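The model shown is predicted, which means the values in this text are computed figures rather than measured ones.
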Amino acid sequence: MSAVVNRAVDDGEIRWTDKTRYDTARKHALKVWQFSGARIKLRPDSATTVNDLEFRDYRGGTADRAAVAQYVRDSGTAATDYVRFNRDKMSGRSRAFMNSAASHELGHALGLCHKSGRVLSLMWTDIASPPITSPQAIDKANYNALWR
């Protein structure tokens, strides 16, 4: 796995807030990335912590090149990163599709990069059919290599 510096992790955790209509997908993503042995804690933000990641919606259109969802890194000190869901592309999609998009983008927030289609991975560039909704063996191995 190549080195990745784009990630929302701060002191072994991601503190998150939620301003999205895709709560089911967000909850799914947070749950699947807290697999047995996961070292990075995913916790809601509080009044005494710094928000690392915000789940948010936007209107990004339906063009072929428009993203379904995206991880947006803000490189400022104590800045908040975003997992953004394109409401125009998420609308009418299956629960599995939305869960896959949310879990994939949270993978980026955790520091993982895209994988080629030669290995079964949640981190493929495109959502698989049927959608992969949780980290696969290669995703967990890369996560563990990054966060040992």
Practice task
State whether a side-chain donor-acceptor pair under 3.5 Å links Asp74 with Tyr82.
Solution key: no

Problem - Carboxylate-amine/guanidinium contact Arg15 Asp52, below 4.0 Å - result: no

Handout entry: Within one Ile-Leu-Val-Met-Phe-Trp-Tyr cluster: Leu112 and Val72, side-chain cutoff 4.5 Å
Key = no

Practice task
Group every Ile, Leu, Val, Met, Phe, Trp and Tyr by side-chain heavy-atom contacts under 4.5 Å, then state whether Val119 and Leu110 land in the same group.
Solution key: no

Practice task
Look at the rings of Phe85 and Phe55 and say which category their plane angle falls in: under 30° parallel, 30 to 60° tilted, over 60° perpendicular.
Solution key: parallel

Problem - Spacing of OG belonging to Ser100 relative to CZ belonging to Arg93, to within rounding of 0.5 Å - result: 11.0 Å

Handout entry: Linked, directly or transitively: Leu53 and Val50 (ILVMFWY side chains, under 4.5 Å)
Key = no

Exercise for the section: Output yes when a side-chain donor or acceptor of Tyr22 lies under 3.5 Å from a complementary backbone atom of Asp57, and no otherwise. Expected result: no

Problem - More than 12 heavy atoms of other groups within 6.0 Å of Arg39 CZ - result: yes

Practice task
State whether a side-chain donor-acceptor pair under 3.5 Å links Asp139 with Ser121.
Solution key: yes

Exercise for the section: Flag the pair Glu54 / Arg84 as yes when at least one side-chain heavy-atom distance between them is below 4.5 Å, and no otherwise. Expected result: no

Practice task
Applying side-chain contact (heavy atoms from CB on, under 4.5 Å) between Val83 and each of Gln70, Arg26, Glu105, report the one that passes.
Solution key: Glu105

Practice task
Indicate yes or no for a side-chain donor-acceptor contact from Arg73 to the backbone of Arg7 under 3.5 Å, with no hydrogens or angles considered.
Solution key: yes

Practice task
Spell out, yes or no, whether Val32 and Ile138 are grouped together once hydrophobic residues are joined by side-chain heavy atoms under 4.5 Å, including indirect joins.
Solution key: no

Problem - Lys140 side-chain N/O to Ala38 backbone N/O, donor-acceptor pair under 3.5 Å - result: no

Handout entry: Nearest-0.5 Å distance that lies between atom CE in Met123 and atom CG in Asn142
Key = 9.5 Å

Exercise for the section: Please confirm whether the backbone N or O of Asn51 pairs with a side-chain atom of Thr80, one donor and one acceptor, at under 3.5 Å? Expected result: yes

Practice task
Please round to the nearest 0.5 Å and tell me the distance separating atom NZ of Lys31 and atom OG of Ser103.
Solution key: 11.0 Å

Fill in the blank from the handout: Interatomic distance, OG1@Thr20 vs CE@Met98, rounded to 0.5 Å, equals 10.0 Å

Exercise for the section: Side-chain contact test, heavy atoms from C-beta onward, threshold under 4.5 Å: evaluate it for Ser134 versus Leu122 and give yes or no. Expected result: no

Practice task
Answer with yes or no whether the hydrophobic clustering places Leu106 together with Tyr58; edges join I, L, V, M, F, W, Y residues whose side-chain heavy atoms lie under 4.5 Å apart.
Solution key: no

Practice task
Fit a plane to each ring of His108 and His104, take the angle between them on a 0 to 90° scale, and name the class: parallel (under 30°), tilted (30 to 60°) or perpendicular (over 60°).
Solution key: perpendicular

Practice task
Determine yes or no for a side-chain-to-main-chain donor-acceptor pair under 3.5 angstrom, with Asp88 supplying the side chain and Gly60 the backbone.
Solution key: yes

Handout entry: Side-chain heavy atoms of Leu42 within contact of Ile14, under 4.5 Å
Key = yes

Handout entry: Donor-acceptor contact present, side-chain Asn99 to main-chain His28, <3.5 Å
Key = no

Handout entry: Neighbour count >12 (heavy atoms, 6.0 Å) for atom CZ, Arg118
Key = no

Completion exercise
Between Pro131 and Ile127 the two heavy atoms that sit nearest each other are CB-CG2, 4.0 Å

Exercise for the section: Please test Ile40 against Trp33 for side-chain contact (heavy atoms from CB on, under 4.5 Å), starting from the C-alpha separation and ending with a verdict. Expected result: CA-CA 9 Å; Ile40 305 304; Trp33 280 108; over 6 Å; no

Practice task
Report, as yes or no, whether the 6.0 Å neighbourhood of atom CG on Asp23 holds more than 12 heavy atoms from other residues, nucleotides or ligands.
Solution key: yes

Fill in the blank from the handout: When every non-hydrogen atom of Leu30 is compared with those of Gln34, the smallest separation belongs to O-CG, 3.3 Å

